[in-house]
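Step one of this worksheet: look at the structure below.
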Number of protein chains: 2
Amino acid sequence: MGRTNFAAMNCSIARTLEVIGERWSLLIVRDAFYGVRRFDDFQRDLGIARNVLTDRLATLVEWGVFDRRQYEDRPPRFEYVLTEKGRELLPVILTMMRWGDRWESGGDRPVTLTHRACGHVAEPVVACSHCRGDLLWKELRTDPIPVTLPARG
Amino acid sequence: MGRTNFAAMNCSIARTLEVIGERWSLLIVRDAFYGVRRFDDFQRDLGIARNVLTDRLATLVEWGVFDRRQYEDRPPRFEYVLTEKGRELLPVILTMMRWGDRWESGGDRPVTLTHRACGHVAEPVVACSHCRGDLLWKELRTDPIPVTLPARG
């Protein structure tokens, strides 16, 4: 049985998972935010098998998450730089970080975020672009409801 | 070579991916938000192979994302209900939805969200819990920087 093509589903969550839904992909993107650009640096930091890293980077370049740029002629060497599309994955990464902090890190948060714009330690919250209030499921109406799903109770 | 245990990494993003980093897992959680509870309904809606669904649900129950509850005695039948831990995945799902809307749905957004609290169509944005401003990478300081990563330039 072949791998299901999530990109063909009429759902933006599924389409996103088609691009970054492999286990390693978001850790590669995370490293890129911290300034990692070169294959060997990704490989060393992540402890990922080289063939898996080659495959993931090629996929992420193909989807436009990374640009592959030559930085040396002899021998030819390349680095991987996040595109705007890639940089816009930050909200996904921050919400995952917060969830992991809360549910999987046993109170021993590996990294704290300080929001330099206001000077405070920040929890990333998902807010409404209009009123800036928290987006809670019970306060969200979805239109249209995906046709194959039951109406919400 | 065995599968890398992301839960052992000192990173809340990796730990989150250990729980929900398989391709199907977040689509199962998405369906649960829409009210799907039963194996056959998940299976039909997602078009997922039954053995894969069995495996994913068992993993999500094991990690405490779903409760498995018996709703019928003869024959014994079970339903899967999001726990608080599972419901708190909403921000991850909303940020993925927004990214997919913007980058993979070609302007044809499958679902719009209306924030009933303010009455407006909402884009989910990731904001600072303190000042409610957008969390931009250039305005975030991370402490400590993960030791294996280079200092940010």
Side-chain angles (χ1 to χ4, degrees), chain A residues 1 10-17 21 23 26-27 30 33-35 45 49 85 88-97 99-101 103-105 110-118 120 122-133 135 137 139-143 148-150 152-153, chain B residues 1 10-17 21 23 26-27 30 33-35 45 49 85 88-97 99-101 103-105 110-118 120 122-133 135 137 139-143 148-150 152-153:
Chain A
M1 184 168 166
N10 189 33
C11 168
S12 289
I13 304 158
R15 290 172 182 163
T16 298
L17 289 166
R23 293 172 89 241
L26 280 176
L27 294 188
R30 174 203 67 179
F33 274 107
Y34 279 109
D45 181 63
K85 182 176 178 178
E88 287 204 1
L89 285 167
L90 183 64
V92 176
I93 286 176
L94 291 178
T95 53
M96 284 196 180
M97 181 190 288
W99 192 85
D101 278 350
W103 292 102
E104 298 298 334
S105 293
V111 172
T112 61
L113 299 173
T114 301
H115 188 209
R116 287 196 269 226
C118 76
H120 288 82
E123 304 274 350
V125 296
V126 171
C128 169
S129 54
H130 184 81
C131 73
R132 294 276 156 178
L135 284 190
W137 182 242
E139 293 171 352
L140 284 176
R141 196 182 76 221
T142 54
D143 302 293
T148 55
L149 290 166
R152 285 165 62 188
Chain B
M1 186 167 165
N10 188 33
C11 169
S12 289
I13 304 159
R15 290 172 182 163
T16 298
L17 289 167
R23 276 162 53 85
L26 280 176
L27 295 188
R30 175 203 67 179
F33 274 107
Y34 278 110
D45 181 62
K85 182 175 177 178
E88 288 204 0
L89 285 167
L90 183 64
V92 177
I93 286 176
L94 291 178
T95 52
M96 284 196 181
M97 181 189 289
W99 193 85
D101 278 351
W103 293 102
E104 298 299 334
S105 293
V111 172
T112 60
L113 298 173
T114 301
H115 188 210
R116 286 196 270 226
C118 76
H120 289 82
E123 304 274 350
V125 296
V126 171
C128 169
S129 55
H130 184 81
C131 73
R132 295 276 155 179
L135 284 190
W137 182 243
E139 294 172 352
L140 284 176
R141 196 183 76 222
T142 55
D143 302 293
T148 56
L149 291 166
R152 285 165 63 187

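Any value given below was found using the heavy atoms of this structure, including those in side chains, with hydrogens, waters and symmetry copies removed. Letters go in sequence order (proteins before strands), and every chain restarts at 1. What you see is a predicted model, and the numbers here were worked out from it, not measured in a lab.
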(message) Heavy-atom pairs under 4.5 Å with chain A: which of B/Thr114, B/Val126, B/Leu135 has the most?
(response) B/Thr114
(request) Between chain B and each of A/Gly133, A/Ser105, A/Ala117, A/Ala14, count heavy-atom pairs under 4.5 Å; write down the option with the most. (result) A/Ser105
(request) State, with a plain yes or no, whether a side-chain heavy atom of B/Leu27 is found less than 4.5 Å away from one of B/Arg30. (result) yes
(message) Which one wins on heavy-atom pair count under 4.5 Å against chain A: B/Arg23, B/Glu88, B/His120, B/Arg132?
(response) B/Arg23
(request) Name the option with the most non-hydrogen atom pairs under 4.5 Å to chain A; the candidates are B/Cys118, B/Ala127, B/Ala122. (result) B/Ala127
(request) Select one option (side chain, backbone, both, neither) describing which atoms of B/Leu90 are under 4.5 Å from chain A's heavy atoms. (result) side chain
(request) Side-chain contact test, heavy atoms from C-beta onward, threshold under 4.5 Å: evaluate it for A/Glu139 versus A/Cys128 and give yes or no. (result) no
(message) Test of understanding: with salt bridge (Lys or Arg N to Asp or Glu O under 4.0 Å), list the residues that count as partners of B/Glu104, not counting sequence neighbours.
(response) A/Lys85
(request) Using the test side-chain hydrogen bond (donor to acceptor under 3.5 Å, both in side chains), find all partners of B/Thr95 that sit at least two apart in sequence or belong to another chain. (result) A/Thr95
(request) Could you tell me which portion of A/Leu94 (side chain, backbone, both or neither) has an atom closer than 4.5 angstrom to a non-hydrogen atom of chain B? (result) side chain
(message) Can you tell me which of A/Leu113, A/Leu89, A/Asp101, A/Leu26 forms the most heavy-atom pairs within a distance under 4.5 Å of chain B?
(response) A/Leu89
(message) Below 4.5 Å, heavy-atom pairs only: which of A/Gly100, A/Pro110, A/Gly21 has the largest tally toward chain B?
(response) A/Pro110
(message) Quick one: does any side-chain atom of B/Trp99 pair with a main-chain N or O of A/Thr16 as donor and acceptor, under 3.5 Å?
(response) no
(message) So for A/His130, is it side chain, backbone, both, or neither that comes closer than 4.5 Å to the heavy atoms of chain B?
(response) side chain
(message) Does any part of the side chain of B/Cys131, heavy atoms only, come nearer than 4.5 Å to the side chain of A/His115, both counted from C-beta?
(response) yes
(request) Write down the atom of B/Phe33, the atom of A/Trp137, and the distance for their closest heavy-atom approach. (result) O-NE1, 3.2 Å
